[in-house]
Amino acid sequence: MSEHTLDTSRLLCPMPVIRTQNKVNELSDGDTLVITCTDPGVLNDIPAWCRINGHEVIGTEKNADDIIITVLVKHL
Amino acid sequence: MSKQYKAAALISGGLDSLLAAKVMLEQGIHVEGINFFTGFCVEGHTAAIRKKHQDKPKRNNALWSAEQLGIKLHIVDIVEEYKDVLINPKHGYGANMNPCLDCKIFMVKKAKQWIEENDFDFIITGEVMGQRPMSQRKEVMPVVVNESGAGDLLLRPLCAKNLPKTKPEIEGWVDREKLLAFHGRNRKPQMALAKEFGFEDYAAPAGGCCFLTDENYATKLVDLWQARSSRDYEMDDIMLLKIGRHLRPKPYFKLIIGREEGENKFMQGYTKLYTNIKTVSHGGPLCLIDGPVDKADLEFAAQMVARYSQGKNEAAVTLSISRVGEEPYEITVQPLSADAIKQEWHV
Ligand code: SF4
């Protein structure tokens, strides 16, 4: 159970989702992934991707310049 | 217990692929979606950038479709490999720069690889015979089957009854009788089926799935290739073609001028990669310069940018010019007059 980070700044959807997907696929159940994004589209797309694939969004932080989403990995 | 067969569905985010996958789920097939990202997909990019569109919900239609279906979706980045499809399409382009037939063949070929790697049994697509002028004509349906290498593992549930039997039908993995015989451009049968399945709020029925079908976008792409004397592109090029006002006053350089705050903000991320000009004395747009420029070109570009600033009617506007890796410097110029901006400069 370890924490990992991913920076998707400047990338537009669906690239942040693709990077999240590829990174999560390398992680184990119980790991967390903290994703930094700048495209507000991720506020819809990353939770939707998590719902479909069984993972859980456990934190969303909106700052002036970026959005930070934390995902708890739970492979179906 | 009988084996549950597994199908990989190409999910574009449109209605047809949603329905095709649903038809398979109804037959008890295990379905997972694959969505290919070429870099040109219309997935709210511009909406994400432009501030005035930010009140509209931005959803990724492929993810939305998968959620409606209750299936997994695998989004595959094919940006690099797709270049060859777009630059050298064996079957040519459609109305604009859309190499639809080669694109379809390529995607089905990738899906074939995917099912082999992931131990799936067959591939489904939402194609409907005769629906699209280039990639779904009756004569080309077998071309996709053959050139993709998918052969009889490619099933099109929405028009299967108009086509030769595929392996899933021959082997009885799916019931051909319950497949459909849609054809032509009439969208009513799809809409009726959507209603039957309870799907609402699906993406625009016949909506184009990529920017390459857009005339303005295609013009900008061709302009880029001509200016560089090379039919190549990078991801940043694809993105920047989607935003801003593009003006080419000389064959070797163009200006990309932000049209509003959201675009300026987005373009800010490119200021380390491109020579750029900002107005200092007045409110105004950010401008990125694409192409090699000398001092005189930059002064002229500054006059053009000043024209799009709030100081456009003033005698003098001060701008900051920043070349990649160099200290920015300021310049004061008279804005170009409206008629000095030639119509043919607009890309
Ligand atoms: S519209 Fe674009 S994504 Fe769709 S088949 Fe044609 S080239 Fe491919």
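On a predicted model such as this, the values are computed, not experimentally measured, just so you know. Each chain gets a letter, A, B and so on, in the order the sequences are listed, and its residues count up from 1.
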Residues B/E263 and B/R245 bridged, charged N to O under 4.0 Å: no
Any Lys/Arg nitrogen of B/E67 or A/R51 sitting under 4.0 Å from an Asp/Glu carboxylate oxygen of the other? yes
Among B/D77, B/I75, B/V79, B/L69, residue most engaged with chain A (heavy-atom pairs, under 4.5 Å): B/I75
Donor on one side chain, acceptor on other, A/K74 and A/H55, under 3.5 Å: no
Listed by residue number, which members of residues 17-28 of chain A have a heavy atom under 4.5 Å from any heavy atom of chain B? A/V17, A/I18, A/Q21
Where on A/R10 is there a heavy atom nearer than 4.5 Å to chain B: the side chain, the backbone, both, or neither? both
Test log, rule side chain to side chain contact (heavy atoms under 4.5 Å, CB included), inputs B/D121 and B/I115: CA-CA 7 Å; B/D121 302 295; B/I115 63 166; over 6 Å; no
Please enumerate all residues that pass ring pair (Phe, Tyr, Trp, His ring centres under 6.0 Å) together with A/H4, with sequence neighbours excluded. none
Please test B/F36 against B/C103 for side chain to side chain contact (heavy atoms under 4.5 Å, CB included), starting from the C-alpha separation and ending with a verdict. CA-CA 10 Å; B/F36 291 111; B/C103 176; over 6 Å; no
Any side-chain heavy-atom pair from A/L12 and B/F266 closer than 4.5 angstrom? yes
